[in-house]
Amino acid sequence: MAAAMGRDPPGPAEDEAPGAAAGAGAAAGREGGAEEGEGRARGGAEAGGCYLALCARPVHFEKANPVNCVFFDEANKQVFAVRSGGATGVVVKGLEDRNPISFRMEDKGEVKCIKFSLGNKILAVQRTLKSVDFLNFIPDSPQLEYTQECKTKNANILGFCWTSSTEIVFITDQGIEFYQVLPEKRSLKLLKNQSINVNWYMYCPESSVILLSTTVLGNVLQPFYFKSGTMAKLSKFEIELPAAPKSSKLSLSERDIAMATIYGQLYVLYLRHHSRTSNSTGAEVVLYHLPREGSCKKTHILKLNRTGKFALNVVDNLVVVHHQDTETSVIFDIKLKGEFDGSTTIHQFVLPPRSIQPYQIPVAGPASVTSQAPVPCKLYSSSWIVFQPDIIISASEGYLWSLQVKLEPVVNLLLDKGKLMDFLLQRKECKMVILSVCSQMLSEPERGSLSVIATVFDKLNNEYKKYLEAEQSYTMVVETGLSRSNPLLKRPVRTQAVIDQSDMYTHVLSVFTEKKEAPHKFTIAVLMEYIRSLNQFQIAVQHYLYELVIKTLVQHNLFYMLHQFLQYHVLSDSKPLACLLLSLESIYPPAHQLSLDMLKRLSTANDEIVEVLLSKHQVLAALRFIRGIGGHDSISARKFLDAAKQAEDEMLFYTIFRFFEQRNQRLRGNPSFTPGEHCEEHVTFFKQVFGEHALMKPTTF
């Protein structure tokens, strides 16, 4: 919706309002000026919790004035400032491209529309109702204009849209003409045309769909889809007007329609102003789902519960509705549950109305001069023009912003944690906010009940499981070689909504257990709740979560509970867990046997168990284990002495060294090591630390 912010809903006898020129609206140059510096926005900003903001690095361009006309190209998201018809310069700036394009062109009359092809290689300029001029911006290409007149006799060009780097569509009042531009030949080739009476048009560059308003009332919409040289006619549909029109004149205005992609699907949004005399509760936004194949259906209704002047944006799959009278905005999320009446879902706004966050306009000029305070920007100004999906332009101040959603304030406005998670999981930059919500709900003063915590864990693990399954399916297809027959197969994208066990462990659970501010029963219940949730979604629990449970139980001397958890296999068997249990033997002797039982259940070979224990510096535990199974006569002394030395514990080294001396005495009648055992360096080390006299003397009977 290239709608200006300050337009009234159409009254019963109102003529068609002057719209912002479709797509590249020259309206930006025609709107009334805004009064600058009127302070921060009213309505709701003072209440705090602004969840919408203008981007920090806007595009700054020369303000619209009688000499300078401003245009916006929705496909490339570029602002054109055209001075004196281009004779004194054209400056093109975009949010993405930080290097502006500047050039001059001959003044051949008032510019109605100006846009670059995708990739900025060819410039198209409309100056008359009958033709469009072209200029190549290709290196070593002659800077000569070439012209294409519309094919249909007596037709007027309403505007044009680039659908690729070399394909363009002219929209006339009598139909559409689809051309291929041949820059080397400086000519155009007609690919396809279609006759149809057109009132106005709209283009959605994300989906390459042009929407035409047809019939006398204007409420029958005909979409066309463009892709690599082809034009497809999609099924037309009718917008239900609020009441039967009294006269047969245009009743559906372009300013009340927007097109946007929401959750990967194309929607036509219709802002329906109810007549003020009826008992209706206010205006509403009706969403029509426009599929590539099949018919267009009305699917959602967004209740605004107010009347007045509105404008629409779509940001991060949220429909944002700005209300000029109260200088506030509301957001809707069509993924959240609404009331379903059998065909459409009715939604209320997710959060209370709030103003866009107050914005300061920096004062331009050299650093020495800019000691002046920045000027507050007039929000919801009547000179604001809104473009899809997330663009706001202030022609009078010379700024282009993208609108952004801030998630942190949402946390304090949406108190139902389940609904909050449903909302956050659909947002692009959600991970750190979700992790902070999880930390908050485990800490005072916002500690949640276990049932709320369980709900949150389940919602997170549901997303996590979906990603794991997609990843698994992809791997299977690749491994079986089926991917070659399906070139469109793509690896699943890991979005920020995928919060795995390491995220939860690092940012939430380990921090929570270290704080020790919660009662230990609550701490253990939370850890077990997370493990229960993982099990419910059949996600293999990582051993470090079990280790966290065991460490917490040990800290609070809850050995009986630990024993029960192991006995009833609440904590799944794993080698790292078995090693942790072995290390607990000094404070809880039964842990030794519990650990060995676990290793045996894992069918671990005895020498592997020894390796695992030695790698964890559990040298004594390894020795006890070997003695327990009667293998201590055949083990390598050097392996154990190496491990004991690495542990940097002199008494441990002494104990292990003495054990093997005694073994040697028992087996060979002499405590010394044989050359084949390669223990010379350890004997030397022993003598250095404990002295030669500490070596065991051979005993004779």
Side-chain angles (χ1 to χ4, degrees), residues 74-77 94-97 117-119 162-167 203-210 223-232 234 259-268 287 289-294 296 299 314-319 333-336 388-390 402 404-405 407 421-435 458-504 534 537-540 542:
E74 285 176 279
N76 287 318
K77 307 272 181 281
L95 275 167
E96 299 304 316
D97 31 282
S117 62
L118 304 182
W162 285 100
T163 57
S164 78
S165 56
T166 55
E167 286 158 5
Y203 180 47
C204 178
E206 285 78 15
S207 53
S208 285
V209 170
I210 292 178
F224 288 89
Y225 167 61
F226 298 85
K227 191 181 179 185
S228 49
T230 61
M231 174 175 105
L234 305 182
M259 260 199 302
T261 303
I262 307 171
Y263 292 116
Q265 297 296 315
L266 181 60
Y267 288 90
V268 173
L287 268 65
H289 177 223
L290 186 55
R292 198 67 44 84
E293 286 162 13
C296 180
T299 51
V314 173
V315 185
D316 203 359
N317 292 314
L318 296 166
V319 179
D333 186 349
I334 61 169
K335 270 268 175 90
L336 293 183
Q388 295 316 317
D390 57 355
S402 65
Q404 296 170 342
V405 174
L407 297 181
M421 278 299 146
D422 289 340
F423 177 82
L424 291 176
L425 284 166
Q426 301 300 337
R427 310 284 72 85
K428 237 191 228 118
E429 305 286 326
C430 65
K431 179 173 267 183
M432 294 323 289
V433 181
I434 288 175
L435 291 169
D458 286 349
K459 287 183 185 292
L460 296 183
N461 288 329
N462 183 38
E463 287 295 321
Y464 180 23
K465 178 66 174 175
K466 280 195 281 191
Y467 170 73
L468 290 176
E469 283 178 340
E471 184 71 36
Q472 201 178 355
S473 308
Y474 172 80
T475 310
M476 234 164 72
V477 171
V478 170
E479 283 172 359
T480 52
L482 292 170
S483 53
R484 285 191 290 276
S485 60
N486 183 3
L488 296 174
L489 183 77
K490 286 194 178 79
R491 189 180 196 122
V493 177
R494 182 172 178 151
T495 67
Q496 287 208 9
V498 178
I499 291 178
D500 64 17
Q501 297 173 63
S502 68
D503 294 325
M504 281 301 283
L534 290 168
F537 287 96
Q538 297 172 322
I539 300 168
Q542 295 296 322

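Keep in mind that what you see is a predicted model, and the values were worked out from it rather than measured.
Listed by chain and residue number, Glu463 satisfy the salt bridge (Lys or Arg N to Asp or Glu O under 4.0 Å) test with Lys466 (two or more places apart in sequence, or in another chain). Remark: Arg491 engages Glu471 in a salt bridge (Lys or Arg N to Asp or Glu O under 4.0 Å) (not counting sequence neighbours). Remark: Phe224 engages no residue in a ring-ring contact (aromatic ring centres under 6.0 Å, His included) (not counting sequence neighbours). Evaluation of the ring-ring contact (aromatic ring centres under 6.0 Å, His included) rule for Phe226 yields Phe178 as partners, not counting sequence neighbours. Taking Asp316 as the reference, Arg427 meet the salt bridge (Lys or Arg N to Asp or Glu O under 4.0 Å) condition, with sequence neighbours excluded. For the salt bridge (Lys or Arg N to Asp or Glu O under 4.0 Å) test, residues two or more places apart in sequence or in another chain that qualify with Glu206 are Lys77.
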**OP:** Check the pair Met432, Leu435 against side chain to side chain contact (heavy atoms under 4.5 Å, CB included), reporting the backbone distance first and the verdict last.
**Re:** CA-CA 5 Å; Met432 294 323 289; Leu435 291 169; 4.1 Å; yes
**OP:** Show your reasoning for whether side chain to side chain contact (heavy atoms under 4.5 Å, CB included) applies to Gln501 and Leu534.
**Re:** CA-CA 9 Å; Gln501 297 173 63; Leu534 290 168; 3.6 Å; yes
Subject >> Test side chain to side chain contact (heavy atoms under 4.5 Å, CB included) applied to Val498 and Thr495, step by step >> reply: CA-CA 6 Å; Val498 178; Thr495 67; 4.1 Å; yes
Subject >> Chi angles and distances behind the side chain to side chain contact (heavy atoms under 4.5 Å, CB included) call for Tyr267, Ile334 >> reply: CA-CA 11 Å; Tyr267 288 90; Ile334 61 169; 3.7 Å; yes
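Between Met231 atom CE and Ser208 atom OG the span is 13.5 Å, to the nearest 0.5 Å. The distance from atom CG of Leu407 to atom CG of Leu424, rounded to the nearest 0.5 Å, is 6.0 Å. To the nearest 0.5 angstrom, Ile434 atom CD1 is 10.5 Å from Met504 atom CE. We find the CD-CG distance between Gln265 and Leu290 to be 10.0 Å, quoted to the nearest 0.5 Å.
Within the 4.5 Å cutoff, side-chain heavy atoms of Cys204 are placed close to those of Thr261. Residues Val314 and Asp390 are not in side-chain contact: their nearest non-hydrogen atoms beyond the backbone lie 4.5 Å or more apart.
Comment: Lys431 engages Asp503 in a salt bridge, judged by a side-chain N to carboxylate O separation of less than 4.0 angstrom.
The backbone N or O of Cys430 lies less than 3.5 Å from a partner atom in the side chain of Gln496, making a donor-acceptor pair. At distances below 3.5 Å, at least one donor-acceptor pair connects side-chain atoms of Ser164 with backbone N or O atoms of Glu167.
For Tyr225 and Arg292, the side-chain atoms include at least one donor-acceptor pair closer than 3.5 Å. Using a 3.5 Å distance cut-off with no hydrogens or angles, the side chains of Tyr263 and Asp333 do pair a donor with an acceptor.
Across all non-hydrogen atoms, the minimal contact from Tyr203 to Trp162 is OH-O, 3.4 Å. The two residues Leu318 and Phe423 have their closest heavy-atom pair at CD2-CE1, 3.6 Å.
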